[in-house]
Amino acid sequence: MATVWSGCSTSFSQELPPRGRRGDDGTRIRPWNEGRRRRGSRHAEAASTVVVIARGCVCRAAPCVIEPDVAGKEEAGVGAWGMDDELPSADGSDGPRRHGLRRRPVRSAAAEKGPVGARSAALASGAESKSEVGGSRLHFLEERDEELLSKRLIKLGQSNKVRSATELFDSMRASGLQPSAHACNSLLASLLRKGCFADAMKIFEFMKGKGMATGHTYTLILKAVASNEGYFAALKMFNEIEENDESNKNVDVIVYNTMISVCGRAKDWAQVERLWRRLADNSLSGTLMTYDLLVSMFVQCGQSELAIDAYEEMLQRGLDPSEDIMKAIIASCTKEGKWEFALTTFRRMLSAGMKPSIIVFNSIINSLGKAGEDELAFRMYHLLTSSDLKPDQYTWSALLSALYRSGRCWDVLDLFQGIKAKYSPLLNNHLYNIALMSCERLGQWEHALQLLWMMEKDGLQISAVSYNHVIGACEVARQPKIALNVYQRMTHQRCSPDTFTHLSVIRACIWGSLWNEVEDILEEVAPDSSIYNTVIHGLCLRGKIRLAKKTYTKMRSIGLKPDGKTRSFMLQHIATDY
């Protein structure tokens with residue numbers, strides 16, 4: 001039989017003689033447990049008894065001696081009593097069975113002398129290989145059942161006993177025994193959990209070379225490669241697996257889900273879409289997890305159309321979407337303006353017994369408001385309140401926006417007053433701005449000034465947008481002096497006016513015949529073609545041709561280009577002068 005000990009494998013034509021008996025040549029074989037009973041001076045002899053046979057020598061040293069650097073670090077059962085966890089009998093022996101993994105025995109200095117000790121030491125040192133889990137050592141395996149040893153390897157891997165699992169794996173390979181694919185996957189998973197990436201890659205290469213790699217193997221190793229070397233390296237490995245006909249047979253939908261997740265975390269939505277399309281090419285059907293990943297990744301990457309497409313394919317395959325998927329789809333429909341599809345998804349949530357959150361209600365109301373479906377938006381609001389939910393700032397913003405887009409500006413102001421009366425703490429700049437936009441469209445400059453004063457009283461930080469709406473309301477109402485006062489108030493509050501501010505106040509001053517104020521504003525603002533074009537247009541329409549020409553000359557001198565309308569005005573008035 002073939003006997004393996006510490007990297008030494010020697011074949012004999014005859015079996016070893018039984019322990020405690022004499023061999024054919026008359027040599028007495030001393031059992032290893034006899035040395036344990038006779039402690040003291042004969043301990044070294046008992047620990048290194050050598051049996052000489054015609055064709056070789058085998059060390060029958062005590063197999064359960066724990067080395068000082070190993071004892072206490074890992075499982076005491078394996079190191080001291082073997083794999084069967086059998087305690088020693090009363091006489092000091094190990095009982096009837098001693099199968100499984102055995103520690104390399106501690107050899108005395110006397111036993112290391114001579115050709116046998118030197119040869120054994122050289123073979124043992126050559127068998128030890130460097131790894132991330134420490135030196136992996138080979139052990140004598142009396143058990144030859146591959147299935148039983150594979151089960152033990154699985155248990156060691158599940159217990160995260162990496163060193164023992166690695167030693168058992170190497171010992172099986174050295175003995176000509178092959179672990180099962182399940183056992184190799186268990187060892188691979190335990191190595192990755194311990195962070196031993198290099199050793200895990202060696203196991204993976206062994207499994208791939210033996211044709212033992214499964215879908216679970218690829219899932220484990222692709223995750224590890226993405227974590228240690230980046231998603232691009234994992235994608236490269238996956239492409240190589242796909243191109244290999246033998247490996248591609250073991251690639252299942254779980255492996256694709258792993259790569260979709262890896263690429264999704266890197267925000268590479270193009271690769272996610274490619275992997276999604278490859279599922280159908282390989283005759284694989286996506287699972288609920290697949291579409292959950294696709295929808296969430298596409299929504300996070302801003303690809304709302306792809307998210308909706310994935311959701312529709314999911315429904316076609318008869319899969320029931322989760323609540324998170326439907327929430328994401330409603331948000332995507334709001335962004336894409338597909339309010340009917342969003343409403344259908346909302347009804348599906350209700351029919352499935354789900355309770356929509358305030359965020360879902362706000363998304364539906366916002367989608368309906370953008371589509372001008374203000375009546376449906378308020379029906380959704382009443383459903384919200386009947387569901388024991390309280391409207392928040394986003395709810396009121398969506399409702400006010402729905403009324404404004406429908407042209408119901410007076411209703412916007414009435415609703416705003418109701419919000420201020422009952423939900424005053426919820427008022428913010430955005431809600432005020434929607435009301436100011438309605439005042440601007442209606443020309444309600446007094447109401448706009450009142451809202452501006454309320455904002456200052458509530459301690460809100462007034463932005464240039466709010467001032468612009470108030471100045472715009474004054475422009476519509478032909479109140480140039482009020483608009484100029486608001487503009488001065490704005491600069492006094494150290495709020496920087498923008499281009500829209502200057503355009504609005506200049507138009508108001510032109511129609512109010514405040515020519516000097518117009519020239520002063522032009523001196524203050526930075527050179528801007530749109531502002532000069534607006535001034536020239538207004539002056540020409542008001543009959544101030546000389547002032548318009550002066551402004552045009554200044555505009556060209558500072559390097560600004562007039563638009564087509566400005567050039568047309570200038571050519572018309574130059575021809576009139578001639």
Side-chain angles (χ1 to χ4, degrees), residues 181 185 188-189 192-193 197 200-201 204 207-208 213-336 338 341 345 348:
N185 285 336
L188 180 65
L192 293 175
R193 285 194 296 268
F197 179 69
M201 288 300 297
F204 171 70
M207 296 181 67
K208 188 170 64 173
T214 63
H216 184 53
T217 309
Y218 294 130
T219 299
L220 292 173
I221 206 65
L222 287 171
K223 286 182 180 179
V225 171
S227 178
N228 289 271
E229 300 179 1
Y231 94 99
F232 190 76
L235 188 62
K236 181 180 179 181
M237 175 181 286
F238 178 78
N239 292 334
E240 293 175 354
I241 294 172
E242 271 193 322
E243 294 173 358
N244 191 328
D245 295 336
E246 294 297 328
S247 302
N248 194 19
K249 296 178 181 178
N250 296 320
V251 176
D252 53 13
V253 66
I254 299 177
V255 180
Y256 275 95
N257 290 346
T258 300
M259 289 308 304
I260 290 173
S261 177
V262 167
C263 295
R265 283 195 295 268
K267 306 299 180 183
D268 192 348
W269 64 268
Q271 289 294 341
V272 172
E273 182 184 7
R274 187 189 71 84
L275 292 168
W276 174 29
R277 307 304 182 190
R278 289 287 295 167
L279 276 173
D281 296 340
N282 293 331
S283 301
L284 295 174
S285 299
T287 61
L288 182 61
M289 177 61 69
T290 306
Y291 293 104
D292 195 354
L293 289 171
L294 288 173
V295 172
S296 61
M297 296 303 173
F298 287 141
V299 170
Q300 291 176 12
C301 296
Q303 302 298 318
S304 300
E305 293 184 0
L306 289 175
I308 295 174
D309 291 342
Y311 175 75
E312 290 179 335
E313 182 180 300
M314 179 184 182
L315 296 179
Q316 292 173 2
R317 295 187 180 278
L319 298 176
D320 295 327
S322 63
E323 184 176 356
D324 291 336
I325 290 180
M326 288 191 279
K327 288 179 180 178
I329 289 301
I330 291 175
S332 300
C333 292
T334 301
K335 184 176 181 180
E336 296 296 325
K338 298 183 178 181
F341 197 85
T345 306
R348 182 182 292 273

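Note that these values count all heavy atoms, side chains included, but never hydrogens, waters or copies made by symmetry.
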By ring-ring contact (aromatic ring centres under 6.0 Å, His included), which residues pair with Phe238, not counting sequence neighbours?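 Phe238 satisfies ring-ring contact (aromatic ring centres under 6.0 Å, His included) with Tyr256 once adjacent residues are dropped.
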Quick one: [atom1] on [X] to [atom2] on [Y], what's the gap to the nearest 0.5 Å?
{"X": "Met259", "Y": "Glu242", "atom1": "CE", "atom2": "CD", "answer": "9.0 Å"}
{"X": "Met289", "Y": "Ser322", "atom1": "CE", "atom2": "OG", "answer": "9.0 Å"}
{"X": "Lys338", "Y": "Ile330", "atom1": "NZ", "atom2": "CD1", "answer": "14.5 Å"}
{"X": "Asp309", "Y": "Phe298", "atom1": "CG", "atom2": "CZ", "answer": "8.5 Å"}
{"X": "Ile329", "Y": "Met326", "atom1": "CD1", "atom2": "CE", "answer": "10.0 Å"}
{"X": "Leu293", "Y": "Ile325", "atom1": "CG", "atom2": "CD1", "answer": "9.0 Å"}

Locate the shortest heavy-atom distance separating [X] from [Y]; write the atom from each residue and the value.
{"X": "Pro321", "Y": "Arg348", "answer": "CG-CD, 4.2 Å"}
{"X": "Ile260", "Y": "Thr290", "answer": "CD1-CG2, 4.2 Å"}
{"X": "Tyr311", "Y": "Val295", "answer": "N-CG2, 4.3 Å"}
{"X": "Val299", "Y": "Ser332", "answer": "CG2-OG, 3.3 Å"}
{"X": "Ala234", "Y": "Leu222", "answer": "O-CD2, 3.5 Å"}
{"X": "Gly264", "Y": "Val272", "answer": "N-CG2, 3.8 Å"}

Going by heavy atoms in the side chains, are [X] and [Y] under 4.5 Å from each other?
{"X": "Lys223", "Y": "Leu192", "result": "no"}
{"X": "Phe341", "Y": "Glu336", "result": "no"}
{"X": "Leu294", "Y": "Glu313", "result": "no"}
{"X": "Cys263", "Y": "Leu235", "result": "yes"}
{"X": "Met207", "Y": "Asn185", "result": "yes"}
{"X": "Leu220", "Y": "Phe204", "result": "no"}
{"X": "Val253", "Y": "Leu279", "result": "yes"}
{"X": "Lys327", "Y": "Thr345", "result": "no"}

Give a yes or no on whether the backbone of Ala224 and the side-chain of Ser227 come within a donor-acceptor separation of less than 3.5 Å. no
Counting only heavy atoms from other residues, nucleotides and ligands, does the tally under 6.0 Å from CD of Glu323 exceed 12?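 Atom CD in Glu323 is crowded, with more than 12 foreign heavy atoms closer than 6.0 Å.
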Atom CG of residue position Leu288 - does it have more than 12 heavy atoms of other residues, nucleotides or ligands inside 6.0 Å?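 Atom CG in Leu288 is packed in, count exceeds 12.
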Would Ile241 and Val251 count as a side-chain contact (heavy atoms from CB on, under 4.5 Å) here? Give the steps. CA-CA 8 Å; Ile241 294 172; Val251 176; 3.5 Å; yes
If you look only at pairs with a residue in residues 259-273, which of them pass as a side chain to side chain donor-acceptor pair (under 3.5 Å), with sequence neighbours excluded? Tyr231-Asp268, Ser261-Arg265, Lys267-Gln300, Gln271-Arg274
